[in-house]
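Reviewing the structure listed below.
This is a predicted model, so every value here is computed, not measured.
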Amino acid sequence: MDQPNKLSPISVALHWLVGLGMIALTAIGLYMSRAEVWALYPIHKSVGVLLFVLILARVVWRLKNGWPAHVAGGSKLEQALAKLVHWLLILATLAMPISGMMNSGAGGHGIDVFGLQIVPSQHSADKPDQALPYNASVAELGDEMHEWIAYLLILALVLHVAGALKHHLVYKDGVLRRMLGSRIEP
């Protein structure tokens, strides 16, 4: 379990695996949708489903373990903003893969993890390259949510990194070192 001056290896590992995974998938998702690199979609979806398992583990761990203890530094407003950003990050990391699965699964594109089919695709008999949605409304909602959550996630991530750097460079209170697995002075 986490301690006020040292986070557990599970907390540290889940934080960095989910964080770096979400950054990579968001960057790849923005690239492939803008450049229309359709060949990356199966990899993006497969890694997204696997990352979703880690995200669920992180949420369960955070609920069981609680939030890390506040170290020091920052006004009441900064502390409230930090809490808001942490909640945005948790909720966005949950909503991002869910919305992607809504878009792909309900859109008839199917969901598989490196060839292991979870939701079958559905294609037109006369146009085999065209997916037939199971539920077009759910697919469209998932598509819109996936895009907007990506932008919200980027904003929250920038604020999160800025806060971590402020703690490290201005307050020098050990918050960043603690998230890297070090023991800090209370």
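- Under the 4.5 Å side-chain contact rule for hydrophobic residues, Trp61 and Leu56 share a cluster.
- Taking a cutoff of 4.0 Å between a charged side-chain nitrogen and a carboxylate oxygen, Asp173 and Arg178 do not qualify as a salt bridge.
- Nearest heavy atom pair, residue Ala156 against residue Leu88, reads CB-CB, 4.2 Å.
- Across Pro97 and Gly48, no two heavy atoms sit closer than the pair CB-O, 4.2 Å.
- In this structure, Leu132 CG and Lys127 NZ are separated by 10.0 Å, a value rounded to the nearest 0.5 Å.
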- Derivation of the side-chain contact (heavy atoms from CB on, under 4.5 Å) call for Ile111 and Lys45: CA-CA 7 Å; Ile111 301 171; Lys45 291 193 301 186; 5.6 Å; no
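- Aromatic ring pairs are classed by plane angle as parallel below 30°, tilted from 30° to 60° and perpendicular above 60°; the pair His15 and His160 is tilted.
- The main-chain N or O of Pro128 is found under 3.5 Å from a side-chain atom of His123 such that the two form a donor-acceptor pair.
- Between His167 and His70, the angle of the ring planes goes over 60°, which puts this pair in the perpendicular group of the 30/60° scheme.
- For the atom pair CG (Leu81) and NZ (Lys76), the distance works out to 14.5 Å, reported to the nearest 0.5 Å.
- At a threshold of 4.5 Å between side-chain heavy atoms, the hydrophobic network of Ile, Leu, Val, Met, Phe, Trp and Tyr places Val161 and Leu89 in two separate groups.
- You'll find the side chain of Met22 stays beyond 4.5 Å of the side chain of Leu157, heavy atoms only.
- Ile23 and Val18 fall into different hydrophobic clusters, where Ile, Leu, Val, Met, Phe, Trp and Tyr are joined by side-chain heavy atoms under 4.5 Å apart, directly or via other members.
- Panel note: side chain Ser124, backbone Asp129; no donor-acceptor pair is recorded below 3.5 Å.
- No donor-acceptor distance shorter than 3.5 angstrom exists from the side chain of Asn5 to the backbone of Glu185, with no hydrogens or angles considered.
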- Query: Could you walk me through whether Leu94 and Phe52 pass the side-chain contact (heavy atoms from CB on, under 4.5 Å) check?
  - Reply: CA-CA 7 Å; Leu94 275 169; Phe52 186 56; 4.2 Å; yes
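- A distance of 4.0 Å separates CE of Met96 from OG1 of Thr26, quoted to the nearest 0.5 Å.
- Separation of atoms CD1 (Ile28) and OG (Ser33) is listed at 12.0 Å; rounding is to 0.5 Å.
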- Item | Val49 and Phe114: CA distance, side-chain angles, deciding distance, side-chain contact (heavy atoms from CB on, under 4.5 Å) verdict | CA-CA 10 Å; Val49 170; Phe114 298 111; over 6 Å; no
- Message: Could you walk me through whether His86 and Ile90 satisfy the side-chain contact (heavy atoms from CB on, under 4.5 Å) test, starting with their C-alpha distance in whole Å, then the side-chain angles of each, then the deciding distance to 0.1 Å, before giving a yes or no?
- Response: CA-CA 6 Å; His86 282 117; Ile90 288 284; 5.7 Å; no
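- In this structure a side-chain-to-backbone donor-acceptor pair under 3.5 Å is present from His146 to Gly100.
- A heavy-atom distance below 4.5 Å is found between the side chains of Tyr31 and Leu40.
- There is a path of hydrophobic side-chain contacts, each under 4.5 Å, that joins Leu54 to Ile149.
- Counting heavy atoms of neighbouring residues, nucleotides and ligands inside a 6.0 Å radius, atom CH2 of Trp67 exceeds 12 of them.
- Side-chain atoms of Arg62 and Ser11, non-hydrogen and from C-beta on, do get closer than 4.5 Å to each other.
- Taken to the nearest 0.5 Å, the CG atom of Asn65 stands 8.5 Å off from the CD atom of Gln3.
- Across all their heavy atoms, Leu7 and Pro68 have their closest contact at CD2-CB, 3.9 Å.
- With Ser104 contributing its side chain and Met101 its backbone, the two residues share no donor-acceptor pair below 3.5 Å.
- The environment of CD in Glu140 is sparse: at most 12 heavy-atom neighbours from other residues, nucleotides or ligands sit within 6.0 Å.
- What you find for Gln122 and Tyr134 is that their closest heavy atoms are OE1-CE2, 3.2 Å.
- Judged purely by atom type and a 3.5 angstrom limit, Ser121 has no side-chain atom pairing as donor or acceptor with the backbone of Gly108.
- Considering every non-hydrogen atom in both Ala139 and Asn103, the closest pair reads O-OD1, 3.3 Å.
- For the pair Lys6 (side chain) and Gly181 (backbone), a donor-acceptor distance under 3.5 Å is present.
- A distance of 8.5 Å separates CG of Leu141 from OG of Ser137, quoted to the nearest 0.5 Å.
- Of all heavy-atom pairs spanning Ser99 and Met145, the tightest one is CB-CB, 3.7 Å.
- There is a path of hydrophobic side-chain contacts, each under 4.5 Å, that joins Leu25 to Leu17.
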